[in-house]
Structure formats: C-alpha cells, structure tokens
Amino acid sequence: MKNTISHRVADFLKNFPPFNVLAQKDLETLSEEITIVYKERDSIVFAENDAPHPYFYVVNKGAVALKRGSDKGIMDMCDEGDIFGLRPLMAQENYKMSAKAHEESILYAIPIDIFKPYARKNIAVGNFLIESFASNTRNPYSKSHRGKLYDEVPEINPVAPDAQVLDLQSVQYSKQLVTCSPSSSAKTIATKMTEKNVGAMLVVKDKMPIGIITDKDLRNNIVTGKYPITTKAKEIMVSPVITYSKNLTITQAQMAMMKSNISHLCITKDGTPNSKAIGILSKHDVMVALGNNPAVLIKAINRAKKIKSIKQIRKSITHLLQDYLDQNIPIKLTTKIISELNDACVKQIIKLSLEEMPTKPPVRFAWLALGSQGRSEQLLQTDQDNAMIFENVPEEKLVETTSYFLELSKLINKGLFDIGYEYCPAEMMASNPNWCLSLDEWKKTISHWIINPGTDEVLLSSIFFDYNITYGDVNLVNELSEHIFETIKKYPIFYLHLASGALQNPSPTGFFRQLLVEEDGEHKDSFDLKRRALMPLTDAARVLILSHSVKSINSTAERFEKLAELEPNNEEIFMACSYATRALLKFRTKQGLLHNDSGRYIAIDKLTKEERIKLKRTFKTIKEIQELVSVRFKVSNLLR
Amino acid sequence: MIDFFKKKVPDYPDYWLEYENSFKKKPIEDLSLVRFVVLDTETTGFDYLNDRILCIGALSLVDKNIALNQSLELFLKQEHYNAETAKIHGILKNGGASCISESAAMEELLGFLNNAIIVAHHAIFDITMINRALERNGLPRLKNKVLDTSHLYKKTLLTSNVFKKKEHYSLDELAEKYDISKKDRHTALGDAYITAIAFLKIRNRLKGKGQLRLKDLLKMG
C-alpha cells in the first residue's frame with residue numbers, strides 16, 4: 001500500500017546500487033512491499049546453513065557483521081545502504097555465512113519474489129548482481145565507494161589475524177592528488193602543502209608525473225639557504241618519480257620504498273611515468289594499512305574530516321586494545337595509550353563541531369571529561385559524562401552565551417553518540433543546561449555542593465571532581481580547581497561526607513567470603529565489578545588525594561602512587577591499591593571485549609578458578625583502604 | 001418468557017461485531033507472536049469535544065517486523081476545520097489525498113485493529129479522539145489494551161535524586177535520544193513510525209536478564 005513510510009523507504013534506497021538504477025515508479029512499488037526489521041545488538045539475522053528467507057536485506061541503520069565458519073572472523077561488515085543475503089536467494093542455496101547485528105540495527109527486508117522481475121527486466125540491475133556474485137563481495141562498487149568516503153583518511157584495515165593475507169592485499173592510496181606545475185615557486189608549494197596537510201607534492205606536466213617534492217627536499221634545499229624561496233619547482237624536485245600501478249600490494253610498496261630509500265610512491269594509470277598520475281602512496285599510508293600503530297592512528301584521527309571516519313578509526317583502536325591485552329603489555333601503558341587515542345577522537349569531534357557552528361565561540365571555554373573518562377581509565381566505550389565551562393560574561397550577555405555553548409555541546413554530544421558513546425542515562429552531559437555553565441556559575445554550584453553535603457551533593461561532587469580538560473582553555477579549569485581547594489579548606493566537614501560516601505559501596509564478599517552477586521534486576525546473578533570493586537578504590541583515592549590538595553593527577557592508580565610518595569609510612573597499602581586498581585581494570589576490559597559491552601557485570605560461573613582467586617585477592621586491599629579512610633576522616637558509624 | 005430485565009442490545013453493524021468477536025480468542029502471551037498496532041492521529045486541535053480527527057496512521061508490528069503492505073493511512077473528510085492546526089500537519093481540508101467519511105474510517109480502523117495491542121505516544125489523547133469518533137457513529141469504545149511509549153520511556157531512565165525526570169517526554173525528545181530521523185514528523189503515519197521504532201528500542205532497554213513478558217509491559221505502560 002502506498003503511504004508516507006514507503007516513500008521514506010524509497011527515498012533511502014534510491015541512493016544505493018542497484019536501486020539507484022530503478023525507475024522511481026518501480027522503486028515505490030517495491031518499497032510498498034518491504035518489511036522493516038529491528039535487530040538488537042548481537043541478535044542473529046540468519047545463521048550459517050539456514051534455509052534462505054524469502055527476503056534479502058538492506059541496512060538502513062546500524063551495522064551487520066557477516067561471519068563464516070567456526071573461526072568467528074568477521075568476513076564483512078555491512079553499513080548503511082549495503083545489501084546482504086541476496087546471493088543464496090538467487091542461487092537457491094542455503095546461507096553460507098551468518099549475519100549478526102553488530103550494533104542495534106534497522107534493516108529493510110525486500111521480498112525476493114517482488115524484486116526478481118526487476119532484476120530480469122533491468123539490465124543494469126542484472127549486471128550489478130552478476131558482478132557482485134563474480135567478485136564475491138556484497139557490492140562490487142564497495143571498493144571505489146570506500147575510496148571516496150575516505151579521501152582524507154585512507155581506510156584502516158583492522159589488523160588481520162593472518163599477516164600473510166595482509167601482505168598480499170592491495171594498498172589503499174590517497175586519491176586526492178596535491179599537485180603543482182614545474183614553474184610553481186617553492187613558497188607556493190610549501191603553503192599549499194601546509195594547507196592540505198600533506199608531506200609531499202607531485203610536480204605534473206600534462207597530468208604526467210615529472211617529479212616530486214617532499215618536506216625533506218624543502219628542508220634540504222630551501223631552509224638551508226642553498227636555493228632562494230622563489231626557486232621554481234623544477235629546480236628542486238626529485239626526478240624521475242618512482243611509479244607503480246594501483247594493484248601494488250602492501251609488501252611491494254614497503255620493498256619499493258626501502259629499495260630506493262624514499263617515502264612516497266606515485267600511482268599512475270599503467271604504472272609507468274608516462275601515464276596519468278592517479279594517486280600518491282606515502283609511508284604513512286603503508287603504516288595505516290598495517291594499522292596497529294598508535295602514532296599512525298592519532299595522525300589519522302587528526303586528519304579526519306567526517307565523524308564517520310572517526311568511527312572507523314575507533315574500530316582499529318579496539319583491535320589495538322585487544323592486541324595489547326593478548327600480548328600482555330602492561331596495563332599501565334595500555335591505559336595511557338588507549339586513553340590518549342580516545343581523547344584525540346573527542347578532540348577531533350569538538351573541532352569538527354566548532355567548524356559546524358555558524359560563528360566562532362564568543363569567549364574562551366573548556367570541555368571537561370568527567371567520571372572514568374576524566375580519570376583516563378576508560379578503555380572501553382561507555383556512556384558519556386561531560387561538562388562545559390566558559391568564561392564569565394556580563395549578565396546581559398549570559399543568556400546568549402549560554403545558548404551558544406548549549407548548541408555547541410549538543411553537536412558534540414551527538415558526534416560522540418555517533419562514534420559509539422551512548423548518551424548518559426542521567427543526562428550528565430554538557431548539552432544539559434545544568435552542566436553547561438560559566439566559570440562563576442560553576443563556582444557557585446560547587447560551593448553549594450561543598451557547603452551542603454547531602455547525599456546527592458556528595459554523589460555529584462564525586463562524579464564531577466574527577467574532571468579533566470579535553471579541549472579548550474586550561475586556565476579556566478585551573479581557576480575552578482583552585483576554587484575547589486579553597487572552599488574545601490574552609491569547610492573541612494566535606495571530607496567527612498566524601499569519605500563516608502566512599503565507604504557506602506556494597507561489600508564485594510559475604511560473611512563466608514563468597515562473592516556477592518546482584519539479587520535482582522537486569523543483571524541478576526552477576527557480579528558488579530564496577531560498584532563492588534572498582535568504585536571503592538576510586539572513591540578512596542579521590543578523597544585522599546583531595547585532602548592533599550593535589551589536582552593534576554586523575555587516574556586512580558596514579559593517585560595511589562602519588563599517595564604512597566606523600567605518605568611513606570602507608571606506602572605498602574597504597575601501592576597495593578594501585579596494583580589492585582590496575583588488575584581490576586584489566587579484568588573489566590577483558591570481560592568487556594569478550595562480551596562486546598562495558599564489562600561491568602561478570603558472570604561468576606564463567607570465571608576460571610585462577611581468575612576468581614585473583615579477583616578475591618584484590619578485595620583484601622579494598623577492605624584495608626576502607627578502614628584507613630574510615631579512621632582518618634573519623635567517619636563514625638552513625639554516618640555510615 | 002420474555003426477559004424484561006435483559007438490556008436491549010443496540011443494533012451494531014457487522015464490522016463492529018466482527019471486531020468484538022476477535023477479542024474472544026485466547027490472548028497470546030508470547031511476545032514474539034503478539035500483534036501490536038502502533039498508531040497516531042492528527043487532529044484539528046486538542047479539544048475532545050469540538051475537534052476532529054484529520055488523519056489516522058497505523059503500522060502493524062509483529063516480532064520486531066513492520067510489514068509496510070500492512071499499514072493504514074486514512075484521511076478524513078472534515079466539517080469542522082481549524083486553519084491553525086492545518087499548518088502543522090499540512091493536511092488541507094479535503095485536499096491532496098482521497099478523503100473518506102468518519103464512519104467509513106472507523107470501519108476501516110476497527111477492521112485493521114482487531115484484538116491487537118495499541119501502542120501510541122501520549123496514547124490517552126489518540127484513544128479519546130477515536131472513542132469520541134466511535135461515539136458519534138453510535139458505537140461503543142475501543143476494547144484494545146493500550147501501551148503508552150511516553151510512560152514506557154520513563155521506565156528506561158535512571159531513578160536518581162540527582163536527575164529529575166520530566167513529567168512528559170515529547171516524541172521529538174524520543175526521536176533525538178534514539179537517533180530516529182524526524183522526517184515525516186507531524187504526519188500520522190510518520191509519527192506512528194517514529195513511535196514504533198522508539199517502542200522497539202525501549203523494549204530492548206527494558207529487557208532485563210530474563211525475558212520481558214507482555215504482562216510486564218502492560219503493567220508499565
């Protein structure tokens with residue numbers, strides 16, 4: 001039946017092959033027969049060897065992973081607009097791969113009976129299908145299509161489990177050529193290279209590459225004073241250019257660069273210098289293809305022009321994390337690197353959001369990460385907790401300024417959501433007017449929390465006081481920190497409340513030292529690692545470090561290390577806490593990666609004996625630090 | 001003997017009796033088999049007495065699937081007409097789509113609904129508007145069980161003193177939160193679609209470790 005929704009479906013489909021070649025009328029008729037299917041994360045669309053459904057699928061929103069065999073390696077990831085599950089229908093065989101929703105997804109199920117006549121009637125559709133089956137990918141255009149999407153950021157292939165396969169893969173080169181003519185001046189070239197953020201410029205004549213100028217050439221020839229800045233390109237370029245055809249593999253590219261000791265290769269149409277230049281391949285591209293280098297990832301993040309490409313990079317970050325854990329690289333180092341990468345992603349999103357705003361920010365501001373992100377302990381993606389702080393403005397300007405920053409925060413929150421950070425269920429986000437304030441307003445709010453430390457105020461402070469600046473003006477944040485220390489000094493009773501708050505987390509073990517599991521709710525019978533084990537440590541570290549007026553250290557483990565330094569007599573217990581925090585964090589991350597969630601809840605019966613012992617060992621430390629906090633801040637039993 | 005005390009049964013049309021009969025079937029408990037009808041109405045205004053339904057959009061939802069060839073979009077002929085609200089909905093009086101009379105619309109709606117569970121955002125409004133229309137055509141009220149996505153949504157939020165829940169959450173807020181495109185907002189079927197996707201997402205978030213049962217849903221919303 002023709003209606004508003006089928007129009008909407010048709011509107012979406014017409015952007016993707018093979019539907020883009022269908023006549024509008026046919027597409028609308030087809031859309032009327034479509035079923036919209038909702039799949040929650042990790043639910044199966046079809047399993048390997050299932051009999052074919054009467055439908056094939058198009059991803060409208062979300063992502064679907066295609067897998068084959070028992071090794072569970074992902075064969076292909078279908079994004080918005082991708083088709084899957086069509087081949088078995090045409091070939092009348094069972095599904096050869098399984099399809100599982102990788103994220104919460106909405107799919108359009110298109111009935112094969114209705115679609116088939118179009119495939120027969122329309123040659124373009126038929127050809128698409130034949131090509132797609134012959135090339136054995138879901139979409140023969142996918143490669144060139146992807147090239148377009150990632151012009152700025154060459155695609156990062158997730159680290160292949162099998163390095164040999166990777167070696168034979170053809171490399172993704174940058175198709176956006178930055179070129180100049182032989183008569184351009186060195187100054188123009190340098191300006192353009194800076195503007196385009198590239199390390200090399202191709203010198204072309206009639207579209208054919210005749211030479212190349214890299215950062216190094218400019219340094220050696222111009223900066224040394226050997227040539228004046230007005231020198232023409234042809235004087236300083238390196239010639240001839242080493243050229244290859246586009247089917248070059250990663251290994252070949254590496255070999256070629258090593259052999260000639262160069263950092264850039266030129267890709268030409270037929271692989272000789274006598275044909276049109278179509279792309280340039282840098283050492284960086286090769287590194288990206290290898291994909292497991294944090295420095296490369298950071299560079300890729302900083303070059304990202306679209307939020308969608310950041311999302312892609314985040315997948316590589318997860319792979320990197322898995323690798324680090326598998327190789328047993330110290331969790332301290334892992335946490336540092338992954339936090340840096342996450343931080344870079346957020347920064348880039350803020351930059352992109354700023355560009356999207358119609359005007360520049362009216363005053364200085366700072367973006368604060370709160371909670372685990374603020375403590376740089378976030379390895380897996382969790383909910384977002386953040387806040388915005390901006391410079392004081394005259395009262396008559398406050399409304400206008402606030403609405404500007406709320407608008408900006410909304411964009412940033414949405415961007416973070418798009419790369420996988422869920423919205424905070426308690427609305428602790430900068431787009432909430434209570435969390436987007438001027439410096440004076442923040443000071444007022446925080447003073448209120450400290451002077452009236454009820455349960456809610458203590459809870460809010462414990463979330464907020466782990467803030468860390470992600471982007472913006474650090475002076476604003478320092479001023480806020482100063483204010484916090486001064487206020488607490490005036491109202492030392494606040495420590496008592498913060499300390500008692502730190503002791504309120506439920507105990508991890510029962511009377512018989514058995515692990516206590518949740519009794520009801522969504523996570524019945526699993527162990528709440530965050531609330532029962534990590535939070536007591538985090539809370540204790542926070543109140544202790546605040547009492548020493550140390551602000552710049554946010555990570556719990558590092559706070560304990562600092563405490564050990566400040567109080568040599570308690571060194572042993574603090575170091576034990578630091579160790580326990582790291583062990584628990586690693587535990588949580590491993591669990592999270594295993595189950596594709598935040599790793600907060602652990603099914604006790606799935607743990608090995610060794611894991612259980614390890615877990616229990618940290619509890620002794622938790623108990624000791626809680627006693628120390630209780631004694632030091634004289635938390636009476638009444639308050640508990 | 002003639003039973004004088006027996007209440008006189010009004011002479012209802014066949015389509016009502018058929019609708020009524022559908023409720024005699026044993027209700028289904030398995031959530032994956034239950035048929036939900038997600039609906040939305042566009043009206044001339046918010047006055048239950050004087051305002052009229054302009055358009056009804058309804059989608060059928062079974063086991064997380066929405067089959068588009070089983071959806072309903074009805075445009076109603078108008079006597080009472082309010083130029084202000086028409087601006088929002090873009091449905092001009094008797095214009096564009098082919099319009100049918102209110103009684104014909106009720107017949108179609110009942111035939112589509114049967115014993116399905118109705119899902120709507122701020123359901124009380126849509127249900128009351130429909131009941132008023134039924135009443136004007138000499139028919140009793142709807143018999144379907146009703147779920148309200150605005151109530152259900154609130155159940156997905158954290159209960160915490162730190163964060164005050166609002167009294168009402170608009171469909172726009174839900175769409176933003178769940179990243180549902182607001183295209184076709186303020187058309188009955190477009191809003192029904194947003195409501196349907198929001199309903200599915202809410203259900204997924206309400207799902208505890210155990211299976212969510214129909215009973216639980218009805219209790220909440």
Side-chain angles (χ1 to χ4, degrees), chain A residues 1-12 30-41 43 55 60-62 104 106-109 111 114 383 410 413-414 417-418 422-428 431-432 434 454-460 463 518 520-526 601 603, chain B residues 38 40 55 57-75 90 97 112 156-166 173 176-181 183-194 196-201 203-210 212:
Chain A
M1 208 187 70
K2 191 172 169 150
N3 59 45
T4 317
I5 305 300
S6 69
H7 274 303
R8 181 186 183 133
V9 172
D11 254 7
F12 173 81
L30 183 65
S31 299
E32 284 157 25
E33 299 301 326
I34 279 171
T35 296
I36 297 169
V37 181
Y38 169 83
K39 285 282 164 197
E40 50 214 63
R41 191 166 76 182
S43 61
Y55 313 103
N60 168 239
K61 248 186 175 332
E104 191 175 44
I106 294 171
L107 313 174
Y108 292 158
I114 315 254
D383 295 346
K410 223 172 175 177
N413 283 148
K414 175 78 168 61
F417 175 82
D418 286 341
E422 288 280 327
Y423 288 128
C424 171
E427 301 272 344
M428 278 175 199
S431 56
N432 176 345
N434 295 335
T455 325
D456 298 347
E457 284 77 13
V458 169
L459 180 61
L460 286 167
I463 295 163
E518 303 312 297
D520 48 16
E522 190 179 341
H523 300 282
K524 190 164 181 296
D525 296 333
S526 44
Y601 295 95
Chain B
V38 188
D40 184 67
C55 177
L59 291 163
S60 171
L61 174 74
V62 182
D63 191 21
K64 295 169 194 168
N65 293 347
I66 304 165
L68 288 188
N69 54 10
Q70 289 164 46
S71 50
L72 189 73
E73 193 168 36
L74 302 170
F75 296 92
F112 184 76
T156 67
L157 300 174
L158 281 189
T159 312
S160 152
N161 299 336
V162 177
F163 158 66
K164 299 269 175 298
K165 285 184 198 180
K166 283 200 229 169
E173 281 171 297
E176 260 168 46
K177 189 82 175 204
Y178 290 143
D179 200 25
I180 307 169
S181 156
K183 205 166 164 252
D184 309 316
R185 179 86 173 89
H186 296 302
T187 65
L189 201 59
D191 282 1
Y193 177 75
I194 296 173
I197 299 295
F199 174 61
L200 287 166
K201 294 201 172 195
R203 242 168 71 176
N204 184 27
R205 279 154 184 78
L206 286 174
K207 189 184 68 181
K209 266 249 156 132
L212 188 69

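In what follows, chains carry the letters A, B, and so on, assigned in the order in which the sequence lines appear, proteins first and then strands, with residues in each chain numbered from 1.
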Does the side chain of [Y] come within less than 4.5 Å of [X]'s, by heavy atoms?
X       : Y        : answer
A:Arg8  : B:Ser181 : yes
B:Ile66 : A:Tyr38  : no
B:Leu68 : A:Ile36  : yes

Exercise. Measure the spacing between CD1 of B:Ile197 and CD1 of A:Ile106 and express it to the nearest 0.5 Å.
Key: 4.0 Å
Exercise. Rounded to the nearest 0.5 Å, what's the gap from NZ on A:Lys39 to CG on B:Asn204? Could you check?
Key: 11.5 Å
So, are [X] and [Y] salt-bridged, with charged N and O less than 4.0 Å apart?
X        : Y        : result
A:Glu40  : B:Arg203 : no
A:Glu427 : B:Lys177 : yes
B:Arg205 : A:Glu104 : yes

Quiz item: Quick one: side-chain contact (heavy atoms from CB on, under 4.5 Å) partners of B:Ala67, sequence neighbours excluded?
Solution: A:Thr35, B:Asn69, B:Gln70
Quiz item: Heavy-atom distance under 4.5 Å to chain A: side chain of B:Asp179, backbone, both or neither?
Solution: both
Exercise. Please look at A:Asp11 and chain B and tell me whether the side chain, the backbone, both or neither of the residue comes under 4.5 angstrom of a heavy atom of that chain.
Key: side chain
